Structure formats: structure tokens, C-alpha cells
Protein chains: 2
Amino acid sequence: MSLQYAVLGVLEARPLSGYELVQFFDTAAGWVWSAPQSQIYTLLRQMEQRGLIAGTEQVRGTKLKRTVYSLTPLGRKELTSWVSARHPEPPIRDSLLVQALFFDMVGSSAAAAVLEEVVADNEALVEHWREHRDRLLNKDTTLLRERLKHRPETEHDRMAELKAHVFDGLISSATARVEWAKAGIELLKKYR
Amino acid sequence: MSLQYAVLGVLEARPLSGYELVQFFDTAAGWVWSAPQSQIYTLLRQMEQRGLIAGTEQVRGTKLKRTVYSLTPLGRKELTSWVSARHPEPPIRDSLLVQALFFDMVGSSAAAAVLEEVVADNEALVEHWREHRDRLLNKDTTLLRERLKHRPETEHDRMAELKAHVFDGLISSATARVEWAKAGIELLKKYR
DNA sequence: CAGGTCATGTAATATGTTACATGATTTC
DNA sequence: GAAATCATGTAACATATTACATGACCTG
């Protein structure tokens, strides 16, 4: 479900082709929600049928076709109503925590090695997200600039700060995980 | 995949019937990994075929049958090797953050109302997890007591602390989310 | 003209969710 | 004897992943 709304939200910035959306969900938006190529194309056709987006065929060269999708009024309405409502927390399903639950069955050094990698990976993620957060605050990302174009200037700061706040969320959860993993390593040392 | 390892890990405490496992993944373990009834029964049969667990039929009364599953040596080996290895971070897929990404499209009060509920829900989760964490540290949960029975006493403290640490992870991520939501509410007030 | 990028699609598989179905046993 | 609990299963559906497939266009 969320992928659908992510797509609607991206299209609010400007109309995009399927190919561009695929790229987006592989990189930039993959930072919040990721989806493989095959899922995007099938979803776009479904969303078009439901009237949430409208596709226009364009031709590059003589034969290469692409379909550019844009938000319909219905799609916009659907998006804003979803964004305004509280949705139930999804069931927790955290495979690293399942793994940690059984660390007592293996040696401290093996468990600590896993946690060291968790620290490294999450610190790298924090780095990426911090950069993106800063770019958003400076209104310096392609998509945000598109959005600002069709919104009154009085809203620009609010928009940039709200977008940046999402990445603050990613940063703080990854930071929490780093701290948790470090505490785990210390705990394992105690019983080495 | 993780559900399989969660099942193996639970069975390491003691053999359990399908029904007991269903209950477990609906409540206690639902705190780390949740799964519906239908998934459990089908998975158990698959795991038995692969030789990871062994089922024994028992009869209650005259006709009611139940199958009690226990870890096989192969299952134990599979579990410890999975626990010892680092597995790639799953793709990020956080529907609340997708929602927050488009808060700029709706009024501050609607967005703040959503975040207020996020705060309340996550504070409740933190409460539950704190309790469970404390019970683990006191070696006061049914499953942990089962586990301790067949492990040398010198390991008991290590086991309890490692299990509790998992719930520290849940607590810290929910706490981080609470702080994030509160900061969001403040941000929205600024632009009310 | 070779290799990279543009552009879209299908198929098979895995995983997870909701709903429905059945019958035995225990408890009040 | 009715209601709750024990116990297991199937079917339909939604969602997500991997792999494969095809062909046009652009750049050096």
C-alpha cells in the first residue's frame, strides 16, 4: 500500500515516466521506501486503471515510447486523505533482533563480529542521510525544487523543514541502532 | 526466512506444539516477530521435511491429536550458523516516514494529530517492553526458565542479559520514534 | 559498431494476510 | 448443554523479489 502513496507523493513534484520512477525508488527514495523495477511498472498500470494517475505516451526518436504519469485530482485527494489519517503500526518484524535473541547460543566473538558490522553499516547510513537532510534544508534537491515551483513562497521553509525532518527520523533510528549494537559489544566483552 | 529461525530459536527452549507456537507468535514473541496462524502451520510442515525439526504426535482425550515439534541436531546447527553470520540490512520500508514525507500537503493540525498518536502508541510499547526486559533480567519468564534448565549455571547471567538487551533495542528504537514525533509536533507548531 | 543507457514488460517464486472451515475437549 | 479453548488445516489474495527478455537510442 505505502508504495502506492510514495508514488503519488513523488508525482506531486512533477510528472515522471515509469523509468524515472524506477530509478528514483532504486536510489533517492530508496532511502525511505525501496521497490524493484517489476513492481513499479505493474503498480503504475493498476493505479492508472483506478484513476489515481494519468499516463501520456511520448515518443523519443521515432519508435521508443515512454509513458509519463501525472497525478489526477482523485490521486491527489487519495494521497492527502491517507497522509492525514493515522494508520496502525505494522507488526514488528526485525530480523537483526531475532538474531540477537539467540546470541547466547554462539560465542561472544562471533556475536560481537556481527554487531561490529551493524555499527559500521549504520554509521555509513547516517552519513548519507545527514547529507541528504542538509541538502533538503538548503532546498537543494532536484525534486524539492520542482515542488517549490508550484507552491507559494511563504510555504517554502515549512516544506523544506518537514522533508528534512523525515531524514532526521532515519538518522535517529540508525543512531539508536548504533548505540544499541555498541552496548551489545560491551556486554559480550563482559562474558568473553 | 527470519520466521523460520525464530521458530528454531523458540524450540531450543523446549519442544512445543503448533498451537503453542501460534500463541507465542501472537503474543510474547510478537514483540519481536509476529506471524499469523496459517503461516506457522505450513512452515512447520516445511521445516519438518527439511529435517530441521521433528514432530511427534500426541493424543489428548481419545481423538484430539497434536504434534509436538522439537529441534533436531541439524536444526540447531542451522540456527547457530545463521546467528553467527552477518546478513544484509533489509531495504528500508517505513510507511510512517512515507506519510511524514508528505505532511507539507496537509494542514499542520492534521499532521500533528497523527504524530500525537504516534507518541501515545510508542510510549505504550515502551512500557510493555520495559516490563518484559525487567522480567528477563530477573530470569522470570516461562521460556527463559526452560532454557536455563538445560544450560550450566555459569551461563545464566549471560543469557538473561543478552535476551534483555534485545528488548533494550526495541525500547531505544521506540523511544527514538517518540522523540522524533515530538520534534515534528514542535516543528508543525512553528508553521501553524 | 560496440557498449551504455533508455524504456517496458513477463514469469516464477517467496512471503505474509485474511478469511473460512472443521471438530474435540474442557469448563461453567 | 452452551461457550470457551484446544488443535489443525485450506484457499484466496496481496505484496515483494529475482530473473529473464526485448528492443530503441545515444556516445565514443
Side-chain angles (χ1 to χ4, degrees), chain A residues 1-8 15-27 29-30 32-50 52-53 55-69 82 87-95 98, chain B residues 1-8 15-27 29-30 32-50 52-53 55-69 82 87-95 98:
Chain A
M1 275 280 98
S2 303
L3 177 57
Q4 183 184 129
Y5 294 103
V7 167
L8 289 174
L16 290 164
S17 67
Y19 186 77
E20 287 172 304
L21 284 164
V22 166
Q23 310 247 296
F24 190 74
F25 282 94
D26 233 42
T27 59
V32 183
W33 194 276
S34 79
Q37 180 255 30
S38 63
Q39 213 185 345
I40 307 271
Y41 282 111
T42 44
L43 179 64
L44 286 171
R45 284 193 300 268
Q46 288 166 19
M47 289 171 70
E48 192 178 15
Q49 279 191 338
R50 282 180 231 147
L52 301 175
I53 57 178
T56 320
E57 278 215 342
Q58 291 186 348
V59 180
R60 268 171 73 98
T62 46
K63 281 183 183 172
L64 193 56
K65 282 180 194 168
R66 67 171 188 177
T67 311
V68 174
Y69 294 95
W82 180 79
H87 307 286
E89 296 273 343
I92 286 155
R93 206 167 279 129
D94 187 323
S95 75
V98 171
Chain B
M1 276 281 97
S2 303
L3 177 57
Q4 185 186 126
Y5 294 102
V7 167
L8 289 175
L16 289 165
S17 69
Y19 186 76
E20 286 171 305
L21 284 163
V22 165
Q23 309 246 296
F24 190 74
F25 282 93
D26 233 42
T27 59
V32 183
W33 195 276
S34 79
Q37 181 257 29
S38 63
Q39 213 185 346
I40 307 272
Y41 282 110
T42 43
L43 178 64
L44 286 172
R45 283 192 300 269
Q46 288 167 19
M47 288 171 70
E48 192 178 16
Q49 278 191 340
R50 282 181 232 147
L52 302 174
I53 57 178
T56 319
E57 277 216 343
Q58 291 187 348
V59 181
R60 265 171 76 98
T62 46
K63 282 183 182 172
L64 194 56
K65 281 178 196 170
R66 67 173 188 173
T67 310
V68 175
Y69 294 94
W82 180 78
H87 307 285
E89 297 272 341
I92 285 154
R93 206 167 280 128
D94 187 323
S95 76
V98 172

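Chain A is the first sequence line, chain B the second, and so forth, proteins listed ahead of strands; every chain is numbered from 1. Keep in mind it's a predicted model, so treat the numbers as computed, not measured.
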Report yes if at least one side-chain N or O of [X] is closer than 4.0 Å to OP1 or OP2 of [N]; otherwise report no.
X: A:Thr42; N: C:dG9; answer: no
X: A:Tyr19; N: C:dC6; answer: yes
X: B:Tyr41; N: D:dG9; answer: no
X: B:Arg60; N: C:dT25; answer: no

What is the separation between atom [atom1] on [X] and atom [atom2] on [N], rounded to the nearest whole Å?
X: B:Gln23; N: D:dC6; atom1: CD; atom2: C1'; result: 8 Å
X: A:Leu21; N: C:dC6; atom1: CG; atom2: C1'; result: 14 Å
X: B:Asp94; N: D:dA16; atom1: CG; atom2: P; result: 13 Å
X: A:Gln39; N: C:dA12; atom1: CD; atom2: P; result: 18 Å
X: A:Lys65; N: D:dC25; atom1: NZ; atom2: P; result: 11 Å
X: A:Leu16; N: C:dT8; atom1: CG; atom2: C1'; result: 16 Å
X: A:Ile40; N: D:dT17; atom1: CD1; atom2: C1'; result: 13 Å
X: A:Leu43; N: D:dA14; atom1: CG; atom2: P; result: 13 Å

Exercise. Which of these nucleotides, D:dC6, D:dA19, D:dC25, is closest to any side-chain atom of A:Ser38?
Worked result: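 Ranking D:dC6, D:dA19, D:dC25 by closest atom to the A:Ser38 side chain puts D:dA19 first.
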Exercise. Quick one: which of C:dA19, C:dT25, D:dT17 gets closest to the side chain of B:Gln37?
Worked result: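 Of C:dA19, C:dT25, D:dT17, C:dA19 is nearest to the side chain of B:Gln37.
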For this session: On DNA chain D, check which nucleotide each of B:Arg93 and B:Leu64 is closest to and give me the residue with the more 5' one.
Result: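 First, find each residue's nearest nucleotide; the 5'-ward one identifies B:Leu64.
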Exercise. Taking for each residue the nucleotide of DNA chain D bearing the nearest heavy atom, is the 5' side occupied by A:Gly61 or by A:Leu3?
Worked result: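 Closest to the 5' end, via its nearest nucleotide, is A:Leu3.
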Should [X] and [Y] count as side-chain neighbours, where that means a heavy-atom distance under 4.5 Å?
X: A:Glu48; Y: A:Tyr69; value: yes
X: B:Leu52; Y: B:Leu8; value: yes
X: A:Phe24; Y: A:Leu16; value: no
X: B:Thr67; Y: B:Thr56; value: no

Exercise. Crowded around B:Glu57 CD? As in, over 12 foreign heavy atoms under 6.0 Å?
Worked result: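 For B:Glu57, atom CD is crowded (more than 12 foreign heavy atoms under 6.0 Å).
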Problem set entry | Closest-nucleotide ordering on DNA chain C, the 5'-leading residue of A:Arg66 and A:Arg45 |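 In this pair, the answer is A:Arg66.
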